[in-house]
Amino acid sequence: MQHITFITRVALVCLWFCFSTVTAQQFISHAVKEGETLESIAKQYRVTPYSILSQNKEIKQGTVITPNTILVIPVGQITAINAPIAKQEARNTKKFTETTAQDEPIGFGSHKVRKKETIYSIAKRYEIREDDLKKYNRELYAQPLSKGMLLKIPKYKTVRTAENVLNEADLETYAVQEKETRWSIAHKYGITIDSLLKLNPELAQNSNYLGLGQILRLPKLKGSTLKEQEVQLYNSYTIPKKQTFYSMQKEFGVTSDEIIKLNPEVAERGLQEGMVIRLPVKKTPKLEITTDNFIFYEVKPKQTIFSLTRALGISYAALLELNPELATGLKAGMVLKLPKDKANDLEVKNALILDKINLADSINPFNKPKVLILLPFRLDKLNLADTEATRTTLETSNALKYSLGLYSGALVALDSIKKLGVSVDVKTVDTELSLARVRTILAQESLNELSAIFGPLDGKSLQEVAVKAEGYDVPVIAPLSSKSDISLENVFFSSASEAVLRERVLDFARDKWTTEQVIIIADEKHKDAQQQILATFPNAKLVHLKDNLSINIQDFTNLLANDKENWVFLETDNFSLISSACSILNSAMNTEVKIKMFTTDKNRAFDNDVVSSTHLSNLRFTYPSTFLEGSNDSFVKLYKKRFGIEPDRYAVRGFDIMLDLLLKLAYKNDLFEASRFIGETAYSGNKFNYTKDSVSGYFNKATYVVTLQDMQLSEAK
């Protein structure tokens, strides 16, 4: 089969030239034909080659333009073409390219050159041209870039360009299908993500979200459709002795009608020994380009085939088979597809393969995050002169206990980030668990100067802060909550939701399942969990509960298998039911009957004193968790050194959340942007992988599956 691939470059910019006479410029598209060159195309449209290059940034001077490449051609109100006008147009284009939005800087920043950085990478990082970088750092003309060199970074005003006039005949509308992503659609149409965003400016820049049925504008590929041309291939076949139509259909999967259609002589003479006929080559059905079948990778600038195949762990031949357009060369912005099973070896987020980033090694020392911590320390309720009353308040107030734990861990994180050379401006304020107090704080703070807000804890205060902070594009970190609504679009929920946790343990169980028998014990309140387990294990057996509280021992014992392990899912928040179920399960276990207990929701009832930890351990109790207990790392040592006690889980959480936040802000002082390209991060007892929801905030999808065995908690394997 012949594969025809189109690389479409669409630049949507409507430019207004401010010379002595104002000329409106428009654009049309042109599909390159066999034998055409940049010069011949420029002559055809009466423009200069330079003007075409300026609108098609992926094409470089001297590059051979491959057939079917779609170019954007700038055409203006030109009445006569001669050499002087052509030269003037070239000068105008050059002048505009050099001065667009960047006549004079409005200020300067600084950048300390790090190892392996280049002029190109620094210019790209700060979204300026290489010439601008050299212009204000003239030493770069005389000497090469070197580690430790301090550069001036010009800052320019943002210029709003007028809406471009594009030839609508070259575009078509496309409805987003189920399980499609921006990456899969870009690959399907052979364009870059940047082109997709320019064609559809309504798409959010800080999210990868696409809605089912959402209408997109995409380039209409000339001379083809999205489906590649089907070219029928044939094999020659010599008829052996006693060959029949039935045996050929059985062997080759072709009917007698298909054989006769391809070989008319067979209709006259029949199948004869020694006859050479044509048989169709049966093609492997093409997989639909969705997240069910593929993952995707966006090629980065200056990558080579060697570095790419090594990073992706795939041979060039295999990559070329999936992406025939690679035959014309590797280009920055290309979206490549890889088989879904490669996701096990790579960091993947929203079906996109992420480049691995070591945050501690990627710190930009010029980023100086400014963080506001809002926690209910309840200082208004504490009388420090009364030691006994203060102790009682500390023991009985959950808000105060959570706040002190989170804050003490955050302080250790601040010490750690300081040692890495990051300067952080932190202000901590007591919310007093009062909405009125929160409103007063917000009125007094300069929210536009903040990099992030840590807290508050209660839902109403969190909503108040989120709404105010959203107006300044400030992210808000929810240390404990996982519940959201549409008004919390800028909130990062650091605790995984119940739905994510349930899905995580069911995915784990499905991956490990071989022949085990699944049994479900669920009360009326947890029927949703029961239905989800049944959807994963359709042959699971159900245990009937008496009065929604107790198990009939005889009926349950009859369900247990002797020839295979029994997996029992216990779904309840009633500690009496948990206690009795664990006791019955322990009694039923022997040398023949093996039982392992799961739950999709490990709530507080499992920690009740009446529930035997020994029973849970004997049953190898397995459940999903946002937290992995039992850590013994450098944080614990630092915490004990500073506070003289072991950290509780809230202190661990405060440390992990704050360190994750500060490392991301030190890497790219924009948490929204950093979360698009940074995958899963893990620290002392918590993991983070924030994904943007379609209508509300950013949710942490990173969780653990934990097993209690031999009275020790560990990550399930």
Side-chain angles (χ1 to χ4, degrees), residues 498 501-502 504-625 629 704-717:
E498 291 179 5
L501 290 167
R502 179 178 297 166
R504 175 73 172 90
V505 75
L506 289 178
D507 286 345
F508 172 84
R510 182 177 54 241
D511 291 343
K512 298 296 181 182
W513 184 87
T514 53
T515 61
E516 292 81 5
Q517 177 172 259
V518 179
I519 300 172
I520 305 172
I521 303 173
D523 59 22
E524 286 296 326
K525 190 176 176 181
H526 292 78
K527 290 301 180 184
D528 286 347
Q530 175 179 294
Q531 292 304 314
Q532 200 163 338
I533 298 168
L534 281 171
T536 306
F537 300 104
N539 296 322
K541 297 182 179 181
L542 303 178
V543 175
H544 176 70
L545 296 178
K546 293 189 301 183
D547 301 323
N548 201 40
L549 285 174
S550 59
I551 299 171
N552 184 303
I553 298 177
Q554 187 60 48
D555 289 348
F556 173 72
T557 305
N558 291 337
L559 291 177
L560 295 172
N562 293 331
D563 58 339
K564 61 184 73 173
E565 187 173 59
N566 298 276
W567 284 0
V568 179
F569 280 85
L570 180 56
E571 304 299 324
T572 182
D573 57 5
N574 186 303
F575 63 83
S576 296
L577 176 57
I578 295 172
S579 179
S580 62
C582 289
S583 179
I584 293 170
L585 291 173
N586 268 266
S587 299
M589 283 195 301
N590 54 48
T591 55
E592 293 183 350
V593 179
K594 294 180 173 57
I595 301 174
K596 184 175 184 177
M597 192 174 84
F598 292 81
T599 187
T600 65
D601 176 22
K602 198 261 186 182
N603 50 67
R604 293 180 181 178
F606 286 90
D607 297 323
N608 193 283
D609 290 340
V610 304
V611 178
S612 169
S613 298
T614 303
H615 285 171
L616 292 173
S617 180
N618 292 341
L619 293 166
R620 293 169 290 154
F621 181 42
T622 301
Y623 57 91
S625 176
E629 299 180 57
Y704 300 93
V705 175
V706 178
T707 295
L708 175 63
Q709 187 172 7
D710 299 328
M711 300 303 290
Q712 296 291 324
L713 283 168
S714 60
E715 191 166 4
K717 303 297 183 183

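Note that these values count all heavy atoms, side chains included, but never hydrogens, waters or copies made by symmetry.
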Do other residues, nucleotides or ligands put more than 12 heavy atoms under 6.0 Å from [X] [atom1]?
| X | atom1 | value |
| --- | --- | --- |
| Asp609 | CG | no |
| Lys512 | NZ | no |
| Lys525 | NZ | no |

Does any donor atom in the side chain of [X] or [Y] lie under 3.5 Å from an acceptor atom in the other side chain?
| X | Y | value |
| --- | --- | --- |
| Gln532 | Asp528 | no |
| His615 | Asn618 | no |
| Gln709 | Ser714 | no |

Shortest non-hydrogen contact from [X] toward [Y]:
| X | Y | value |
| --- | --- | --- |
| Thr536 | Arg510 | CG2-NH1, 3.7 Å |
| Ala588 | Leu560 | CB-CD1, 3.6 Å |
| Ala605 | Phe575 | O-CB, 3.7 Å |
| Phe508 | Lys717 | CZ-O, 3.8 Å |
| Gln517 | Asn566 | NE2-OD1, 2.9 Å |
| Ala509 | Trp567 | O-CZ3, 3.4 Å |

Can you find a heavy atom in the side chain of [X] that is under 4.5 Å from one in the side chain of [Y]?
| X | Y | answer |
| --- | --- | --- |
| Val568 | Phe598 | no |
| Glu715 | Val705 | no |
| Thr622 | Lys596 | yes |
| Leu534 | Ile520 | yes |
| Thr707 | Leu713 | no |
| Leu619 | Asn586 | yes |
| Ile521 | Ile551 | yes |

Got a second to check how far [X]'s [atom1] is from [Y]'s [atom2], nearest 0.5 Å?
| X | Y | atom1 | atom2 | answer |
| --- | --- | --- | --- | --- |
| Asn603 | Asp573 | CG | CG | 5.0 Å |
| Ile519 | Leu542 | CD1 | CG | 10.0 Å |
| Met711 | Leu616 | CE | CG | 8.5 Å |
| Leu545 | Asn552 | CG | CG | 10.5 Å |
| Ile533 | Glu571 | CD1 | CD | 4.0 Å |
| Ile578 | Ser612 | CD1 | OG | 12.5 Å |

Let's go through Asp607 and Lys602 carefully: what are the C-alpha distance in whole Å and the side-chain angles of both, what is the deciding distance for side-chain contact (heavy atoms from CB on, under 4.5 Å) to 0.1 Å, and is it a yes or a no?
CA-CA 9 Å; Asp607 297 323; Lys602 198 261 186 182; 2.7 Å; yes
Would you find a donor on one side and an acceptor on the other, under 3.5 Å apart, between the side chain of [X] and the backbone of [Y]?
| X | Y | answer |
| --- | --- | --- |
| Glu592 | Asn590 | no |
| Asn608 | Val611 | no |
| Asn548 | Glu524 | yes |
| Ser617 | Asp710 | yes |
| Ser579 | Ser576 | no |
| Asp601 | His526 | no |
| Thr599 | Met597 | no |

Before you tell me yes or no, could you show the steps for Thr600 and Phe569 under side-chain contact (heavy atoms from CB on, under 4.5 Å), namely the whole-Å CA-CA distance, both residues' side-chain angles and the distance that decides it to 0.1 Å?
CA-CA 8 Å; Thr600 65; Phe569 280 85; 4.3 Å; yes
Under-4.0 Å salt bridge between Glu516 and Lys594
no
Verify the ring-centre separation between Phe606 and Phe621: is it less than 6.0 angstrom?
yes
